[in-house]
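We count ligands from 1, going down the list as the structure has it; atoms in each ligand are counted the same way. The model shown is predicted, which means the values in this text are computed figures rather than measured ones.
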Amino acid sequence: MIFLKTDDEIELLRQSNLLVGKTLAEVAKLITPGVTTRQLDKVAEEFIRDHGAIPTFKGFPNPYGGPFPASLCTSVNEQVVHGIPNDTPLKDGDIVSVDCGVLLNGFCGDSAYTFCVGDVKPEILALLEHTKEALYKGIELAVHGKRLGDIGYAIQQYCESYSYGVVREFVGHGIGREMHEDPQVPNYGKRGTGSLLKKGMCIAIEPMITLGDRQIQMESDRWTITTRDHKCAAHFEHSVAIGMGKADILSSFEYIEQVLGDKAI
Ligand code: MG
Ligand code: MG
């Protein structure tokens, strides 16, 4: 069931999502060769709790195993999503997707950004740039009267024009009082198909795009998803409210990109 949000509820969702953006900016300050993803996670959890919110990922149940043990998903290189923070230092040339979710005043925020660690290869940098652009191609269609398939089609067409893989097993989602609400928001699809988008719907759009084949696998930790061909994957996510003629982006990369300066994707 899709819950439509009132304007007041959308403002609360915006506050939650802005806190996610600010948390990711705190993480951005630390990303450099030698830092561990566990260090990033610790800083993020403290920042979230200091702002009166709860990290929604921590303790998130898993149908395949134990609950998620951390506040961030940190997915390095061939890891696509749901990577668990650990003590392995990031190294020059890595990329790391950092996905963050919070619960504040009863509403959820959810957003992700893929960062470069030092200098990355041009083809990997291009993957990040194009994945971020694909997210905005999808957001352009997150308007009243369009359909979910229009969003997926736009993302898929754009990414496949660069011969990237579009992951299908994981999708975006409705967002509100729960982090994952209906509808599912695939990054592939056919124009004019799927649920009708209506003002008041709030969704997280999150393309997961690979440099090679789109095939993925789950690692033995029962969380981390990696590409089968071990090529890099990128992941960018915004939470948006469906608007009349224009989507209202509730999360923000502005805080992150102020920190990154000319290193912004
Ligand atoms: Mg997310
Ligand atoms: Mg999400």
Side-chain angles (χ1 to χ4, degrees), residues 2-3 5 13-14 16-28 37 40-41 44-45 47-48 53-63 67-76 79-85 95-104 107-115 128 131-132 134-136 138-139 142 148 151-152 155 166-188 201-209 216 223-225 233-242 247 249-253 255-256 265:
I2 296 173
F3 298 106
K5 278 75 181 183
L13 275 165
R14 191 187 315 281
S16 305
N17 276 288
L18 290 180
L19 178 58
V20 172
K22 290 173 185 171
T23 306
L24 290 173
E26 293 302 306
V27 170
T37 48
L40 303 180
D41 184 65
E45 178 168 1
F47 189 83
I48 292 165
I54 294 168
T56 38
F57 295 177
K58 199 160 199 178
F60 198 81
N62 181 353
F68 195 75
S71 298
L72 298 176
C73 294
T74 53
S75 307
V76 179
Q79 298 177 348
V80 184
V81 285
H82 304 165
I84 299 174
I95 56 170
V96 56
S97 149
V98 182
D99 194 350
C100 178
V102 306
L103 177 67
L104 175 68
F107 285 86
C108 291
D110 187 8
S111 179
Y113 197 93
T114 303
F115 297 90
L128 302 193
T131 303
K132 186 182 167 196
L135 169 59
Y136 288 104
I139 289 172
L148 272 175
I151 295 175
I155 293 170
V166 177
V167 172
R168 299 189 180 206
E169 291 83 354
F170 293 88
V171 295
H173 47 89
I175 184 164
R177 290 185 181 276
E178 300 289 335
M179 185 167 62
H180 295 146
E181 297 186 355
D182 288 337
Q184 293 199 346
V185 183
N187 298 302
Y188 61 92
M201 281 174 65
C202 294
I203 58 173
I205 304 176
E206 46 180 316
M208 293 152 247
I209 307 299
I216 56 166
W223 277 107
T224 309
I225 304 299
H235 177 216
F236 287 83
E237 176 179 25
H238 267 315
S239 293
V240 307
I242 305 299
I249 304 177
L250 303 173
S251 45
S252 175
F253 294 156
Y255 306 106
I256 298 168
I265 300 305

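- Summary: OD1 is the N/O/S atom of D99 found nearest to the Mg ion (ligand 1).
- If you look at E237 and ask which of its N, O or S atoms sits nearest the Mg ion (ligand 2), the answer is OE2.
- Here F60 and H180 bring their ring centres to under 6.0 angstrom of each other.
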Trace of the side-chain contact (heavy atoms from CB on, under 4.5 Å) decision for I54 with I48: CA-CA 6 Å; I54 294 168; I48 292 165; 5.7 Å; no
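- Computed with the Mg ion (ligand 2) at the centre, the H173 NE2 to E206 OE2 angle is 90°, stated to 10 degrees.
- In summary, the aromatic rings of F253 and H238 are positioned with their centroids under 6.0 Å apart.
- In this structure, L24 CG and Y255 OH are separated by 12.0 Å, a value rounded to the nearest 0.5 Å.
- The one candidate from L40, D41, T23 that meets the side-chain contact (heavy atoms from CB on, under 4.5 Å) condition with S71 is D41.
- When the N, O or S atoms of D110 are ranked by distance to the Mg ion (ligand 1), OD1 comes first.
- Because the distance cut-off is set at 2.8 Å, H180 fails to qualify as a neighbour of the Mg ion (ligand 2), as none of its N, O or S atoms comes that close.
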